[in-house]
Amino acid sequence: MTDTLILLFHPDFSRSKANAALVAAAARVPGANVVDIAARYPSGQLDMFEDGGVEARRLIDARRIVLQFPIQWYAAPAILRAWQDAVLTRMFYVKAEEGAAMAGKSVMLAVTAGNTADAYTPGGRNLFAIETLLAPFDAMANRCGFVMHRPHVVYEADKLTAGQLADIADGYVRHLEGFIAADGKVELTEA
Ligand SMILES: Cc1cc2nc3c(=O)[nH]c(=O)nc-3n(C[C@H](O)[C@H](O)[C@H](O)COP(=O)(O)O)c2cc1C
């Protein structure tokens with residue numbers, strides 16, 4: 001069983017700086033295992049039966065799951081939707097016993113965004129908080145019976161200096177450690 005499965009959805013990982021730093025940082029977390037989904041399916045398509053079977057088994061075998069991706073056009077990259085269409089549709093609409101095996105599993109998002117945190121506010125350039133843009137994942141978790149942990153968000157991801165890349169790497173390790181420690185408990189924000 002994989003303790004912490006990190007599924008990476010990056011359409012151009014060879015040119016990544018921010019997600020590459022996060023992936024390297026994950027290697028410092030015991031039991032974390034990164035799978036690059038875009039590299040496994042370079043056509044951008046996943047077949048529900050063959051690929052879906054492999055990916056469903058990967059999810060069932062994981063204790064907890066991180067979905068990591070860069071924000072593109074205020075949403076996740078298309079490869080993540082292709083994965084949902086094949087793998088989650090298979091597990092939750094075609095082979096319900098696979099979906100049932102996922103009940104109560106902890107899931108976390110780890111996202112990078114080019115824009116600033118200020119831009120992602122109601123009065124800011126992007127109008128919406130990033131958590132609002134990510135709301136479809138809360139709906140996904142509700143439908144699938146996942147326990148959603150608070151997301152890890154890196155802003156200004158295209159402008160990070162070497163020192164800042166090291167800082168976001170440390171921050172990701174801490175966030176993953178908190179995710180592992182929470183282990184299925186909903187994390188309440190302190191008042
Ligand atoms: C096609 C495309 C669309 C993007 N759309 C957004 C966006 O909507 N909001 C944003 O903050 N950044 C956006 N970005 C910036 C990416 O989020 C940023 O380049 C990425 O998080 C950096 O991570 P990386 O170094 O791992 O590639 C976009 C980038 C690309 C290539």
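All ligand and atom numbering here is 1-based and tracks the order in the structure. Predicted, not measured: the structure shown is a model, and the values here were computed from it. What's counted below: heavy atoms across the whole structure, side chains too, no hydrogens, waters or symmetry copies.
- Judged by distance alone, the side chains of Y172 and E177 never bring a donor and an acceptor atom under 3.5 Å apart.
- Of all atoms in ligand 1, numbered sequentially from 1 with element shown, those under 4.0 Å from a heavy atom of A157 are 21 (O), 22 (C).
- Taking every non-hydrogen atom of D158 and a distance limit under 4.0 Å, the qualifying atoms of ligand 1 come out as 15 (C), 18 (C), 19 (O), 20 (C), 22 (C).
- Distances below 4.0 Å separate heavy atoms of A113 from the following atoms of ligand 1: 11 (O), 17 (O), 21 (O).
- Residue I71 has at least one N or O atom closer than 3.5 Å to an N or O atom of ligand 1.
- N19 and Q68 are linked by a side-chain donor-acceptor pair at a separation below 3.5 angstrom, with hydrogens and angles left out of the test.
- Of the protein's non-hydrogen atoms, the one nearest atom 21 (O) of ligand 1 is T112 OG1, 2.6 Å.
- Close contacts of ligand 1 with W73, meaning ligand atoms under 4.0 Å from a residue heavy atom, involve 3 (C), 4 (C), 5 (N), 6 (C), 7 (C), 8 (O).
- For atom 30 (C) of ligand 1, the closest non-hydrogen atom of the protein is Q72 NE2, 3.8 Å.
- Considering only residues two or more places apart in sequence or on other chains, Q84 meets the side chain to side chain donor-acceptor pair (under 3.5 Å) condition with none of them.
- Contact check on R90 versus D51 returns no salt bridge, with no Lys/Arg side-chain nitrogen under 4.0 Å from an Asp/Glu carboxylate oxygen.
- A donor-acceptor pair under 3.5 Å is absent between the side-chain atoms of N126 and the main chain of F128, judged by distance alone.
- Near H10, the atoms of ligand 1 lying under 4.0 angstrom from a non-hydrogen atom of the residue are 24 (P), 26 (O), 27 (O).
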Less than 3.5 Å apart, which donor and acceptor atoms pair up between the side chains of residues 136-147 and the rest of the protein, not counting sequence neighbours?
{"unit_1": "R143", "atom_1": "NE", "unit_2": "Y93", "atom_2": "OH", "d": "3.1"}
{"unit_1": "R143", "atom_1": "NH2", "unit_2": "F92", "atom_2": "O", "d": "3.1"}

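- Protein heavy atom closest to atom 26 (O) of ligand 1, with residue, atom name and distance, is S16 OG, 2.6 Å.
- Considering backbone and side-chain atoms together, G114 places an N or O closer than 3.5 Å to an N or O of ligand 1.
- Put simply, part of Y120 is less than 4.0 Å from ligand 1, judged by heavy atoms.
- Atoms of ligand 1 found under 4.0 Å from any heavy atom of K17 (numbered from 1 in listed order, with element): 24 (P), 25 (O), 26 (O).
- In terms of modelled atom types and a separation under 3.5 Å, the side chain of T121 and the main chain of D118 share a donor-acceptor contact.
- Ionic pairing of D85 and R81 is present here: one or more N-O contacts between side-chain nitrogen and carboxylate oxygen are shorter than 4.0 angstrom.
- Contact atoms of ligand 1 toward N115: 10 (C), 11 (O) (distance under 4.0 Å to a heavy atom of the residue).
- For atom 8 (O) of ligand 1, the nearest protein heavy atom (residue, atom name, distance) is Y74 N, 2.8 Å.
- Residue N19 has at least one N or O atom closer than 3.5 Å to an N or O atom of ligand 1.
- Of the possible polar contacts, none joining the K17 side chain to the A162 backbone as a donor-acceptor pair under 3.5 Å is found.
- On a distance-only criterion, A18 and ligand 1 share at least one N/O pair closer than 3.5 Å.
- We find that D61 and R57 are joined by a salt bridge, their nearest charged nitrogen and carboxylate oxygen being less than 4.0 Å apart.
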